[in-house]
Each structure stands twice: as structure tokens, then as C-alpha cells.
There are 2 protein chains.
Amino acid sequence: MPRPSRWNEIIEAAAEAFRTNGFAATSLEDIASAVGMWKGSLYHYINSKEDLLFAVVRGPAEEILNQLRELSDTDLPPTEKIRRATRSHVQILNSNFVYASVYLQEIAGRRKLPEWTAMDREYLNLLESIVREGVDSGEFSAVTNPRVATLALIGSLNWLTHWYRPGGTLHADEIADQFCDLFLGGLITRKTQASRSQTVTPLKTTKPRAKRTA
Amino acid sequence: MPRPSRWNEIIEAAAEAFRTNGFAATSLEDIASAVGMWKGSLYHYINSKEDLLFAVVRGPAEEILNQLRELSDTDLPPTEKIRRATRSHVQILNSNFVYASVYLQEIAGRRKLPEWTAMDREYLNLLESIVREGVDSGEFSAVTNPRVATLALIGSLNWLTHWYRPGGTLHADEIADQFCDLFLGGLITRKTQASRSQTVTPLKTTKPRAKRTA
DNA sequence: AGGATAACCAAACGATCGTTTCATTTCGCA
DNA sequence: TGCGAAATGAAACGATCGTTTGGTTATCCT
């Protein structure tokens with residue numbers, strides 16, 4: 001059988017090593033021996049060690065941002081947007097766990113290359129806009145500071161890399177639902193209000209290019 | 001004037017360097033030159049580079065755990081316990097920002113030495129017990145999975161190290177209050193219910209050694 | 001088939017790092 | 001004042017790392 005692309009093997013080995021030991025503590029020999037070749041041979045695929053980091057991280061980073069972009073262009077009510085954004089975030093973290101973990105631990109901290117900080121800022125701003133929609137429409141009147149509320153949500157989601165493991169006892173869907181209920185409804189329950197989880201209706205209501213109010 | 005203890009200078013320089021560049025990417029020469037001495041001379045204070053990491057991190061880690069231990073031994077209602085635990089967590093992150101950041105980025109990830117994971121687990125279990133109290137008493141009936149809800153809260157709190165900076169425009173107290181409102185009440189407001197923030201009453205109702213139900 | 005190109009081997013280099021060693025200076029205290 | 005210990009200077013070590021180089025093998029295309 002034609003064995004799968006060597007490049008993918010390298011990226012996966014690099015991602016796994018970066019996640020477990022961190023970028024700086026991972027040597028090229030670790031990665032090379034994991035795929036069964038000499039460390040010098042890696043330079044047929046890369047120009048530097050950092051190339052591996054960016055290659056590992058680019059895919060999921062763009063995907064998670066694009067999904068939020070699409071969601072922001074719909075005219076769903078803010079409550080539903082928050083719910084879907086949460087589900088989307090959790091699911092991408094689930095299906096690209098190793099890569100996403102490397103991003104959050106190595107890129108979103110320390111390294112502040114303008115390309116990546118721009119992505120982080122856009123993601124934050126898009127989510128904050130949704131929260132502001134809810135504040136303006138009166139739905140989210142508990143929010144005194146939309147940015148802080150948004151960062152609280154992002155923190156809960158990104159912290160998943162510290163405890164969630166794909167294939168564990170906790171399924172990604174239940175975690176997402178619990179997060180939604182918690183953020184929309186809070187710990188304390190009110191009796192009425194339609195804020196509990198429902199099965200997701202995959203409607204795709206894309207507005208024809210709505211201008212985003214930053 | 002008698003200049004402050006050299007040991008403190010070393011720890012502070014190490015903490016700052018570890019937070020900005022990470023433990024592995026920080027060289028002993030970085031730390032030595034920051035305090036104005038040769039890297040070899042550091043070995044009059046330490047036995048290895050890792051000693052610096054543990055020395056940086058031990059203080060706040062024990063403090064934040066002890067505060068939650070004391071709070072758990074009171075008989076305050078669960079809502080008030082959550083509020084105080086949140087405030088305490090934010091305040092320690094604020095006043096020991098650099099040290100706590102190093103802990104969360106270098107210890108709570110990768111390194112899994114039994115001493116530290118035991119602390120992490122105890123903190124998580126104590127907080128989860130509070131949530132369970134609220135579930136059992138019927139106050140937190142929105143919670144279907146107490147552990148997930150607890151980890152959501154911890155995630156929001158610990159993610160502060162990624163965006164909060166002491167002395168910035170956002171004060172630690174307002175952040176803590178917004179977090180409390182968000183987690184107790186959710187984004188969507190109900191009209192009644194006493195879940196909004198109040199000025200903190202410093203009552204210290206310590207029960208005489210209550211047995212903790214793990 | 002055969003030549004070009006990609007893939008990989010194997011070794012080495014130069015730099016950096018944590019650590020050790022020993023000499024020297026500074027400081028507390030009798 | 002002088003002595004012993006603590007603190008720092010200064011240099012070197014062995015190991016490891018990212019990267020380079022040049023040669024060898026495998027693969028693909030016409």
C-alpha cells in the first residue's frame with residue numbers, strides 16, 4: 001500500500017511532542033526518531049524548527065475563526081449565536097485537539113507575531129460583538145462589561161485543553177451543552193425562559209454580507 | 001540603605017523571565033544578568049534550574065489553596081461561597097500576578113509532579129464540593145454536571161493570565177464581580193433572585209473543623 | 001531504460017546551555 | 001582589627017541542540 005504522506009506524519013509527531021513537552025523542550029531529534037529518520041533529513045521539509053510550529057497550528061486556527069465569521073454574518077438571535085459559537089469552539093477543540101492545544105499553549109501565550117495576534121483579536125471582537133448585540137437588545141442585561149464577559153467565555157472554552165481529552169468519558173457535546181446552559185442561564189435556575197439546550201437545528205441563514213459593527 | 005535580600009531579586013527576575021519566555025526558553029544567564037551577576041554564582045542559592053521554578057511558584061499556589069480550604073470550612077450558603085471563592089482567586093492572581101502566571105503556564109500544564117497535581121486536584125475538588133452543595137440544596141438546579149461547571153469557572157479564572165494585567169484599566173474587583181454575576185446569574189437576566197453583587201461583608205464564620213465530603 | 005529529482009543517510013559544526021571548579025572579594029562578628 | 005564564612009568573579013567542561021553539507025538511495029516521468 002502507498003504509505004501516507006510523510007509530511008503528515010511529521011506534523012502529527014511534532015504536534016504530539018509540542019503538546020506534551022512544549023515547543024522549546026522538544027528537540028528535532030524527538031520528532032525525527034518518532035517518524036523514523038535522522039534529524040537532518042527533516043530539513044528536506046522545513047527551513048527551521050519554527051516552520052513545524054506554524055504548520056501544526058495554522059489549520060485549526062483558521063478553521064475556528066472562519067466558523068465564527070460565518071456565524072456572525074447570520075441574523076440569528078444573540079442567544080442562539082452564543083450557543084452555536086460555543087458548540088463550534090468545543091467541537092473544533094475536540095476534533096483537532098493536539099493541534100489546538102499547541103496553538104493555545106505556544107502561540108496564544110508568549111509569541112506575539114502580528115499575524116497570530118490579529119487572529120486572536122478578531123475572534124475576540126467577533127464574539128464580543130455578539131454579546132453586545134444581546135446587551136443592546138436587552139437580552140443580556142446581566143452584562144456590565146461585554147469584553148470581560150466575552151473573555152470569561154473564551155477562558156472556559158480554551159481551558160478545555162487542560163483537562164478534556166478526546167475519547168474520554170465526557171463527550172464534547174455534553175460539555176458544550178453544559179457550557180451553554182451555564183453561560184446563558186447561570187448556576188441559579190429561573191423557572192421560565194427558553195435558555196435550556198435543544199437539539200441543534202442546522203439552519204444556515206447567511207445574510208448577504210452584513211457589515212460588522214466593530 | 002541596606003539593599004533587599006538578593007534571593008528575592010533572583011526570584012523576581014526568574015519569575016519575570018519565566019512568564020515572558022517560558023521556563024525552557026529562559027537561560028540562567030538571562031536571570032543572572034538581570035540581577036547583575038554571573039550565571040555560575042547563582043549556584044550559591046540553588047542546586048538546579050528547576051529549584052528556581054519551584055521557588056517562584058510555591059507561595060501563591062499554597063496561598064490560593066489555603067484560602068479555599070478556609071472558605072470551605074464555613075457554613076455560608078453556596079452562592080456566597082462561589083462569590084467569595086471567585087473574588088479570592090482573582091485577587092491572588094492580581095497581587096501575585098507574575099508568580100501565578102508561571103504556575104499556570106509551567107506547572108498546571110506539562111510537568112505532572114505528584115506534589116503539584118495533588119494541589120490542583122484538591123482545589124478542583126473543593127470547588128466542586130461547593131457546586132454540589134448548591135445542587136443538593138436546589139439552588140444550582142441548572143447544573144447537570146458539577147465537575148464540568150466547576151472546570152468552566154476555573155477556566156475563566158485561570159485564563160485571566162492571558163489578558164489581565166495588574167495596573168491596567170480594568171480593576172481586579174470589577175472583573176471578579178462580573179465573573180460572579182455571569183456564573184451565578186448567566187447572561188440572561190431574570191427579574192427577581194438575589195444573585196447580583198453586593199459589597200462584601202467580611203464575616204468569618206469558621207465552623208470548628210467540619211468534615212469534608214470528598 | 002535512464003536521467004532527473006526527491007527523499008534520506010551520516011557526519012560534522014558552531015553555538016548555547018546547565019553545571020562545576022576554584023580563586024577572590026565582601027561582610028558579620030568576636 | 002582580624003578571622004571565618006558567605007557571596008561573587010571568572011573560566012572552563014561536557015552535553016545537547018539547530019542547522020549545514022555532501023553523498024547515497026529510491027522514485028517518478030518520458
Side-chain angles (χ1 to χ4, degrees), chain A residues 1-58 99 102-103 105-107 109-113 116, chain B residues 1-58 99 102-103 105-107 109-113 116:
Chain A
M1 59 180 175
R3 69 171 166 182
S5 163
R6 213 81 167 88
W7 173 242
N8 287 348
E9 296 180 28
I10 294 172
I11 293 298
E12 285 174 24
E16 185 58 44
F18 290 162
R19 191 191 69 82
T20 347
N21 303 113
F23 175 79
T26 299
S27 73
L28 288 179
E29 188 146 315
D30 293 338
I31 299 169
S33 75
V35 300
M37 63 190 213
W38 295 64
K39 59 175 180 173
S41 307
L42 287 174
Y43 282 79
H44 236 261
Y45 300 88
I46 59 174
N47 291 321
S48 77
K49 188 186 174 188
E50 284 217 326
D51 285 1
L52 280 174
L53 179 59
F54 299 144
V56 158
V57 134
R58 174 159 290 118
Y99 304 86
V102 173
Y103 179 85
Q105 287 169 22
E106 296 291 338
I107 306 281
R110 333 203 183 302
R111 248 169 282 266
K112 40 180 181 262
L113 301 167
W116 304 103
Chain B
M1 58 178 176
R3 70 171 166 183
S5 162
R6 211 83 168 91
W7 173 241
N8 287 348
E9 296 180 29
I10 293 173
I11 292 297
E12 284 174 23
E16 185 59 44
F18 290 162
R19 191 190 69 82
T20 340
N21 302 112
F23 175 78
T26 299
S27 72
L28 287 178
E29 187 146 314
D30 293 337
I31 300 168
S33 75
V35 300
M37 63 190 214
W38 295 64
K39 59 175 178 174
S41 306
L42 286 174
Y43 282 78
H44 232 258
Y45 300 89
I46 60 175
N47 291 320
S48 77
K49 189 187 174 187
E50 285 217 325
D51 284 1
L52 280 174
L53 180 59
F54 299 144
V56 158
V57 133
R58 175 159 288 118
Y99 303 87
V102 172
Y103 179 85
Q105 288 169 20
E106 297 291 339
I107 306 280
R110 331 204 184 300
R111 248 167 281 266
K112 41 180 181 265
L113 301 166
W116 303 104

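Computed from a predicted structure; not experimentally measured. The chains referred to below are lettered A, B, ... by the order of the sequence lines, with proteins before strands, and numbering in each begins at 1. Values below: all heavy atoms of this structure, side chains included; hydrogens, waters and symmetry mates excluded.
Contact check, A:Trp38 against C:dC8: no side-chain N or O comes under 4.0 Å of OP1 or OP2. For B:Arg6, a side-chain nitrogen or oxygen approaches OP1 or OP2 of D:dT8 to under 4.0 Å.
In terms of position on DNA chain D, the residue among A:Asp30 and B:Gly40 whose nearest nucleotide sits closer to the 5' end is B:Gly40.
For A:His44 and C:dA7, a side-chain-to-base donor-acceptor distance below 3.5 Å is present, hydrogens and geometry of angles not being considered.
Contacts of A:Ser41 with the nucleic acid, taken as non-hydrogen atoms under 4.0 Å apart, include base atoms.
Qualifying salt bridge (charged side-chain N to carboxylate O under 4.0 Å, His left out) partners for A:Glu106, counting only residues two or more places apart in sequence or in other chains: A:Arg111, B:Arg110.
Here the side chains of A:Val102 and A:Phe23 are not in contact, with every heavy-atom distance at 4.5 Å or above. Taking 4.5 Å as the limit, some side-chain heavy atom of A:Tyr99 sits within range of a side-chain heavy atom of A:Glu12. At a threshold of 4.5 Å between non-hydrogen side-chain atoms, the residues B:Leu28 and B:Trp38 do not count as touching.
Computed from coordinates, the B:Glu29 CD to D:dA11 P distance equals 13 Å when rounded to whole Å. One can place NZ of B:Lys39 at 7 Å from P of C:dC17, the figure rounded to the nearest angstrom. Going from atom CD1 of A:Ile10 over to atom C1' of C:dA6 covers 13 Å, rounded to whole Å. Atom CG of B:Asn21 is separated from atom P of C:dC17 by 11 Å (rounded to the nearest Å). The distance between atom CD1 of A:Ile46 and atom P of C:dA7, rounded to the nearest whole Å, is 14 Å. In this structure, B:Leu52 places its CG atom 13 Å from C1' of C:dT19, rounding to the nearest Å. Across the protein-nucleic acid pair, B:Tyr45 atom OH and C:dG18 atom P stand 19 Å apart, rounded to whole Å. Separating the CE atom of B:Met37 from the C1' atom of D:dA11 is a distance of 16 Å, rounded to the nearest angstrom.
Comparing C:dC17, D:dT19, C:dT19 against the side chain of B:Ser48 picks out C:dT19 as the nearest.
Here the rule is side-chain contact (heavy atoms from CB on, under 4.5 Å) with A:Leu52, and of A:Val57, A:Thr26, A:Ile10 only A:Ile10 fits it.
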